[in-house]
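Notes follow once the structure below has been shown.
Labels below follow one simple rule: chain letters A, B, ... track the order of the sequence lines, proteins then strands, and each chain is numbered from 1.
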Amino acid sequence: MEANLAQIIRELYDVDTDVKLTRPDPEFGDYATNVALQIANKLGRNPRDVAEEIAAKLREFAHLSEVTVAGPGFINMKLTASVLLDNLEEVWGPTYGNNQDGHGKTVVVEYPSPNMAKPYSVGHLRPGNQGWAAKQLMEATGWKVITDNHLGDYGAPLGIWIAGFLKYSNDEALEKDGVYELGRVYIAMKKALKEEKEQDGHELADEVQDWLLKFEAGDGQAQLFSKRFNQISLDHIHAVMSRLNISTEYELGEAFFAPRGKEAVQRLLESGVAIQNEDNSIIVPLDDMGFDVPLLVQKSNGAALYATSDLATILYRESEWHPDKVIYAVGAEQQFYFAQLFAMAKKLGIGTELIHLWFGTIDQVNEDGSREKMSSRKGVILMEELLNQAEAKAHQVVEGRDVSEDDVKKIALGAVKFSDFTSDRRTNILFDWDNIFALTGFSGPYVQYAAVRLNKIVKEYGQGSARVEGYDYEAEKAIIAKLLDYPSVVTLAARDLEPHRIANYLYELARDMNRYYESTQIATGEVNDDEKAARLGILSKVSQVFDHGLNLLGIQVPSQM
RNA sequence: GCACCCGUAGCUCAGUGGAUUAGAGCAUCUGUCUUCGGAACAGAGGGUCGCAAGUUCGAAUCUUGCCGGGUGUACCA
């Protein structure tokens, strides 16, 4: 249609325009365009007249049932529902929604990369949700995707754990509370270290440092502690990721890349990108890239930093995987750091597109009503606690119905995940129990419920027919039009890594479905065979899109709810 | 100080490659009265889109300035 319009304009006025169709309010039409307004100025003509001329030409197209000009010069077009369905049938298939934009290209997606020192908290909800959605969107658009969980399993936390454990804890407590005990020890020790520093002491800090040195020297006891603590933490992370229904192909953490950091720094020095200060620290000056602060890649005591292993990570991925793109699902707080990191990579001649898939903070409301980022200081909510509560809520709602434990988990997870996708990833979200567990309105369970209802009907009465001759599909028009929109929604969501577009779309589709369902009998009552076959056919398509879209968000459709 | 993000209904948020009457959910009020599943549907009230100027035939959307908030700003992870 867009091409046709462009052609008409070329013939009428001899100008090339990029025509865009929009979806106006249904009372105006099914599609609309404001090209007349855009070109009228150029032509020095009245936009309304131009619109009328274009509309006259458009009326020659048989499949447009109505073409009108409105307002200052909008062209509104109406199509019959069966023409819309023909259009849909042309592009329909078992993988409807997917495309091959990324064919032949490889992308590395890094998520959720939790810090291993503390238990998995809601602070890691977004890296998992957004990272997973990014992975799904890239796959849906034809990319080869490699996923990597960049674990924070190296460095100071180990020293803090060991020293803290000996000071504040014991085997019994660790046995009993596992990662939660480790988290307590870590936080207590961090606090003690901070207090010590404020009083210019260094006894505890030395202890931590000693343990790190012992570990690096291969000391048996330190190795044993490391192995034990890491295992507890890793088991916990895997358990939570499994509950969240997310996973990664690789798990190459800090510990894996740390030894390669030295080489990376060497390369920086040799290429002249980095310089060594008199105090032995090594920095990458970035003033030529617009940064007033250089990136520190080696401390004055010779120790490595994040930037060091992150650079080693980039180099490793380049040589092993040759990606065209790397996506880091990490919070907005690290925007400045990633900008520096990417600038350094660029100076080193790395041409791969590096993307920081950032997202806003998770906030809490203070007593005075102001909002602030959730922090361990003010008390974070643990992920397992969140999931437990979500499941309890779901249980409560399905009480008395025959719903499996598996389905309850899907509903709980649907609510939690979908709430993250209701707003743009860049928006700081307010952590609110009512919101995150929402089961009605613009929520995951609302969409899941619509899908479940429809699936049951299809299961009971059949899949219907793709196209029933003689049926006008007018009752299904809004749904057909909505289905036609889906591929472009996926394309945009993937292009900008904006999964909330998918959530918005699914909600609207579910709402259209519920309205339709309310007003139209599908398979019972006074419905003839043609109507039944036609309607069930549409339902099957909607069902497929619900599955596809929710799957992009990492949400499953329960069999019962 | 500087950088990035944000400011839209009582609350939480969409809408920002300019465009026909700014939309949802929650909350409030009213109706459907439960038929293929009501976690639903229909409706009402509620907004000078932070403020001011500019660009434009047209600005929540683009530009500039200001006000307010959040996050970050090399030896932390």
Among G70(B), A39(B), U35(B), the one nearest Q521(A) by side-chain distance | U35(B)

CG of L21(A) versus C1' of A19(B): gap in Å, rounded?
-> 15 Å

Let me know the distance between OH of Y446(A) and C1' of G38(B), rounded to the nearest Å.
-> 12 Å

Considering only side-chain heavy atoms of E372(A), which listed nucleotide, U71(B), C41(B), U20(B), is closest?
-> U71(B)

Nucleotide C4(B), atom P - distance to CZ of F291(A) in whole Å = 11 Å

Under 4.0 angstrom, heavy atoms only, what part of the nucleic acid is T524(A) near: base, sugar-phosphate, or nothing?
-> base

For Q560(A), report the nucleic acid contact type (base, sugar-phosphate, nothing); a contact means any heavy atom under 4.0 Å.
-> base

Within the distance-only criterion (no hydrogens, no angle test), does the side chain of S233(A) pair as donor or acceptor with the backbone N or O of N230(A) below 3.5 angstrom?
-> no

Remember a base hit wins even if backbone is also touched, and classify A32(A) as base, sugar-phosphate or nothing at under 4.0 Å, heavy atoms.
-> base

C1' spacing across the pair C49(B) / G18(B), given as an integer number of angstrom | 15 Å

When the distance from OH of Y517(A) to P of C36(B) is rounded to whole Å, what number comes out?
-> 8 Å

Starting from C1' on A59(B), measure out to CG on L37(A) and report it in whole angstrom.
-> 15 Å

With C1' as the reference atom in both, quote the distance from U8(B) to G25(B) in angstrom, rounded to an integer.
-> 15 Å

Have a look at N115(A) and say if it touches a base, only the backbone sugar-phosphate, or nothing, with a 4.0 Å heavy-atom cut-off.
-> sugar-phosphate

Rounded distance (Å) that lies between atom P of C4(B) and atom NE2 of H356(A) | 16 Å

Name the nucleic acid region contacted by D432(A), choosing base, sugar-phosphate or nothing; use a 4.0 angstrom heavy-atom cut-off, strictly under.
-> nothing

Taking A77(B), U73(B), C36(B) as options, the one with an atom nearest any side-chain atom of F336(A) is U73(B)

Just by distance, do the side chain of N528(A) and the backbone of E531(A) share a donor-acceptor pair under 3.5 Å?
-> yes

V397(A) has its side chain closest, among A39(B), U20(B), A74(B), to A39(B)

Now, which nucleotide makes the Watson-Crick or G-U wobble pair with C13(B), with each of the two distances under 3.5 Å?
-> G23(B)

Could you give the distance separating U55(B) and U21(B) at their P atoms, to the nearest angstrom?
-> 24 Å

Which value, in whole Å, describes the distance between the C1' atoms of nucleotides C75(B) and G10(B)?
-> 49 Å

From C5(B), C76(B), U73(B), pick the nucleotide closest to the side chain of K190(A)?
-> C76(B)

If you check the F74(A) side chain, which of U20(B), A77(B), A74(B) turns out closest?
-> U20(B)

Please state whether the phosphate of C41(B), meaning OP1 or OP2, lies under 4.0 angstrom from any side-chain nitrogen or oxygen of N514(A).
-> yes

Quote, to the nearest angstrom, the P distance that separates A14(B) from C6(B).
-> 10 Å

Matching residue for I54(A) among V67(A), L5(A), V19(A) - test: side chain to side chain contact (heavy atoms under 4.5 Å, CB included) | L5(A)

Pairwise P distance for G69(B) and U32(B), with rounding to whole Å = 49 Å

Would a distance-only check, ignoring hydrogens and angles, find a side-chain to backbone donor-acceptor pair under 3.5 Å from N149(A) to S113(A)?
-> yes

Determine the Euclidean distance between corresponding P atoms of A27(B) and A39(B); express it in Å to zero decimal places.
-> 15 Å

Is there a Watson-Crick or G-U wobble partner for A3(B) with both distances under 3.5 Å, and which nucleotide is it?
-> U71(B)

Taking atom types as they are modelled, is there a donor-acceptor pair under 3.5 Å from the base of U20(B) to the side chain of N76(A)?
-> yes

For G441(A), report the nucleic acid contact type (base, sugar-phosphate, nothing); a contact means any heavy atom under 4.0 Å.
-> sugar-phosphate

Between R535(A) and C36(B), is there a side-chain N or O to OP1/OP2 distance below 4.0 Å?
-> no

I283(A) has its side chain closest, among A39(B), A74(B), G70(B), to A74(B)

Quick one: does F338(A)'s side chain get under 4.5 Å of I355(A)'s, heavy atoms only?
-> no

Atom CG of D363(A) to atom C1' of C5(B): distance rounded to whole Å?
-> 12 Å

Using atom P of each nucleotide, how far apart are A52(B) and U20(B) to the nearest Å?
-> 22 Å

So which of W358(A), F342(A), Y111(A) actually passes ring pair (Phe, Tyr, Trp, His ring centres under 6.0 Å) with Y328(A)?
-> F342(A)

Sugar-phosphate, base or nothing in reach of T68(A), heavy atoms under 4.0 Å | nothing

Taking only the side-chain heavy atoms of K373(A) (C-beta and beyond), determine which of A39(B), G72(B), C36(B) contains the nearest atom.
-> G72(B)

Could you state the interatomic distance from CD1 (I381(A)) to CG (L386(A)), rounded to the nearest 0.5 Å?
-> 7.5 Å

Find out whether the Lys NZ or Arg CZ of R23(A) is both under 6.0 angstrom from the six-membered ring centre of Y31(A) and within 45° of the ring's axis.
-> yes

Assign P157(A) to base, sugar-phosphate, or nothing according to its heavy-atom contacts below 4.0 angstrom with the strands shown.
-> sugar-phosphate

State whether Y507(A) places a side-chain N or O below 4.0 Å from either non-bridging phosphate oxygen (OP1 or OP2) of G25(B).
-> yes

Looking at the side chain of P294(A), which of A77(B), A39(B), A74(B) is the nearest nucleotide?
-> A74(B)

Could you check N514(A) against Y446(A) for side-chain hydrogen bond (donor to acceptor under 3.5 Å, both in side chains), going step by step and ending with a plain yes or no?
-> CA-CA 10 Å; N514(A) 282 335; Y446(A) 174 94; 3.0 Å; yes

Name the nucleic acid region contacted by V297(A), choosing base, sugar-phosphate or nothing; use a 4.0 angstrom heavy-atom cut-off, strictly under.
-> nothing

Assess whether side-chain hydrogen bond (donor to acceptor under 3.5 Å, both in side chains) is satisfied between D402(A) and Q560(A), documenting all intermediate values.
-> CA-CA 8 Å; D402(A) 182 26; Q560(A) 297 271 349; 5.6 Å; no

Measure from CE on M513(A) to C1' on G38(B) and round the result to the nearest Å.
-> 15 Å

How would you label the contact of Q448(A) with the nucleic acid (heavy atoms, under 4.0 Å): base, sugar-phosphate, or nothing?
-> nothing

Base, sugar-phosphate, or nothing: which does A523(A) touch, judged by heavy atoms less than 4.0 Å apart?
-> base

A40(B) phosphate, OP1 or OP2, under 4.0 Å from R453(A) side-chain N/O | no

Close aromatic pair by centroid cut-off 6.0 Å: F257(A) and H150(A) = yes

Does C41(B) have a Watson-Crick or wobble mate here (both distances under 3.5 Å), and if so which one?
-> G31(B)

Summarise how protein sits on nucleotides 12-17 of chain B as a single string, 5' to 3': B when a protein heavy atom is under 4.0 Å from the base, S for sugar-phosphate-only contact, - for no contact.
-> SSSS--

Counter-base of A52(B), judged by Watson-Crick or G-U geometry with both distances under 3.5 Å | U64(B)

Closest nucleotide among A39(B), C4(B), C41(B) to the Q335(A) side chain | C4(B)

Decide, yes or no, whether a salt bridge links R495(A) with D101(A) under the criterion of side-chain N to carboxylate O below 4.0 Å.
-> no

